[in-house]
Amino acid sequence: MVRVMPVDRLSDEEITGILTKYRKIALVGASPKPERDSNDVMRYLLEHGYEVYPVNPRYSEVLGRKCYPSVLDIPDDVEIVDLFVRPEFTMDYVEQAIKKGAKVVWFQFNTYNREAFKKAKEAGLTAVAHRCIKQEHARLIG
């Protein structure tokens with residue numbers, strides 16, 4: 001079986017490096033609804049020792065944690081901005097990630113936006129696309 005190079009062109013070693021080096025994650029599109037993927041992924045990341053800051057202007061709290069209206073409202077440093085929003089909304093959050101000094105923008109499945117991806121890379125961030133952070137963590141680190 002031929003393995004297709006993902007659009008982000010990152011190797012398993014590079015993804016493992018991101019997941020072991022960076023521990024502070026802004027999870028954009030966080031939801032308190034247990035049936036939502038963002039809720040499941042946030043719960044998983046918290047269980048695996050990550051500091052997760054939910055971002056969604058519609059909620060004040062998700063999984064017992066204060067929810068912020070934007071990445072820029074998070075009082076702490078953020079290393080990864082994990083996107084669970086539709087592609088047409090990702091550019092705003094990429095711009096927030098750049099201003100916040102994040103190191104990585106992670107486009108979950110169905111969030112990829114070519115222009116936002118390009119902007120993140122041009123600003124010096126690592127851009128991960130068409131991958132689930134939970135699935136990659138489970139596959140590479142366990």
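All heavy atoms count here, side chains included; hydrogens, waters and symmetry mates do not.
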Salt-bridge criterion met for Lys134 and Asp37 (N-O under 4.0 Å):
no
Is atom CG of Asn110 surrounded by more than 12 heavy atoms (other residues, nucleotides or ligands) closer than 6.0 Å?
no
Would you say the side chain of Arg43 lies within less than 4.5 Å of the side chain of Leu46, judging by non-hydrogen atoms?
no
What I'd like to find out is whether the side chain of Leu83 reaches to under 4.5 Å of the side chain of Gln108, using heavy atoms alone.
no
Would you give the length of the straight line joining atom CD of Glu14 to atom CG of Leu19, rounded to the nearest 0.5 angstrom?
12.0 Å
Do Val81 and Val28 have side chains that get closer than 4.5 Å, going by heavy atoms?
yes
In the structure I gave you, are the side-chain heavy atoms of Asn56 and Val62 within less than 4.5 Å of one another anywhere?
no
Given side chain to side chain contact (heavy atoms under 4.5 Å, CB included), test Val85 with Thr111 step by step and report yes or no.
CA-CA 6 Å; Val85 293; Thr111 67; 5.6 Å; no
Linking I/L/V/M/F/W/Y whenever their side-chain heavy atoms sit closer than 4.5 Å, directly or via other members, would Met91 and Val105 fall into one cluster?
no
With heavy-atom distances below 4.5 Å as the criterion, would you say the side chains of Ser31 and Ser38 are in contact?
yes
Hydrophobic clusters here meaning ILVMFWY residues chained together by side-chain heavy-atom distances under 4.5 Å, can you tell me if Leu72 and Ile98 are in one?
no
Does a side-chain heavy-atom distance below 4.5 Å link Val41 with Asp82?
yes
Quick one about Glu13 and Thr16 (side-chain donor to acceptor, distance below 3.5 Å, no hydrogens or angles considered), yes or no?
no
Are the side chain of Glu136 and the backbone N or O of Ile15 linked by a donor-acceptor pair below 3.5 Å?
no
ring-ring contact (aromatic ring centres under 6.0 Å, His included): which pairs involve residues 15-65, sequence neighbours left out?
Tyr44-His48, Tyr44-His137, His48-His137, Tyr50-His137
Any donor-acceptor N/O pair, Lys100 side chain to Asp73 backbone, under 3.5 Å:
no
Lys103 side, atom NZ; Thr126 side, atom OG1 - distance, nearest 0.5 Å
10.0 Å
Interatomic distance, Phe84 atom CZ to Phe109 atom CZ [nearest 0.5 angstrom]:
10.0 Å
When rounded to the nearest 0.5 angstrom, what distance separates CG in Leu140 from CD in Gln135?
11.0 Å
Below 4.5 Å, heavy atoms only, C-beta onward: do Phe107 and Thr90 meet side chain to side chain?
yes
I'd like to know if Tyr68 and Phe89 are part of one continuous hydrophobic network [Ile/Leu/Val/Met/Phe/Trp/Tyr, side-chain heavy atoms within less than 4.5 Å].
yes
Please find the pair of heavy atoms, one from Ala26 and one from Val55, that lie closest to each other, and give the distance.
CB-CG2, 4.2 Å
Just by modelled atom types, is the Arg131 backbone N or O under 3.5 Å from a matching donor or acceptor in the Trp106 side chain?
yes
Worked check of side chain to side chain contact (heavy atoms under 4.5 Å, CB included) between Ile25 and Leu45:
CA-CA 9 Å; Ile25 302 172; Leu45 292 169; 3.9 Å; yes
Can you check whether Met42 reaches Pro54 side chain to side chain, under 4.5 Å on heavy atoms?
yes
Can you tell me how far CZ of Arg139 sits from SG of Cys132, rounded to the nearest 0.5 angstrom?
11.5 Å
Test Arg23 against Glu79 for side chain to side chain contact (heavy atoms under 4.5 Å, CB included), laying out the working first.
CA-CA 7 Å; Arg23 309 299 297 176; Glu79 297 166 319; 4.3 Å; yes
Between Arg65 and Val52, is there a donor-acceptor pair closer than 3.5 Å when you use the side chain of the first and the backbone of the second?
yes
Using a strict cut-off of less than 4.0 Å between a Lys/Arg side-chain nitrogen and an Asp/Glu carboxylate oxygen, indicate whether Glu35 and Lys33 qualify as a salt bridge.
no
N/O donor-acceptor pairs under 3.5 Å from side chains in residues 112-119, not counting sequence neighbours:
residue	atom	partner	partner atom	Å
Asn113	OD1	Glu115	N	2.9
Asn113	OD1	Ala116	N	3.0
Asn113	ND2	Pro87	O	2.9

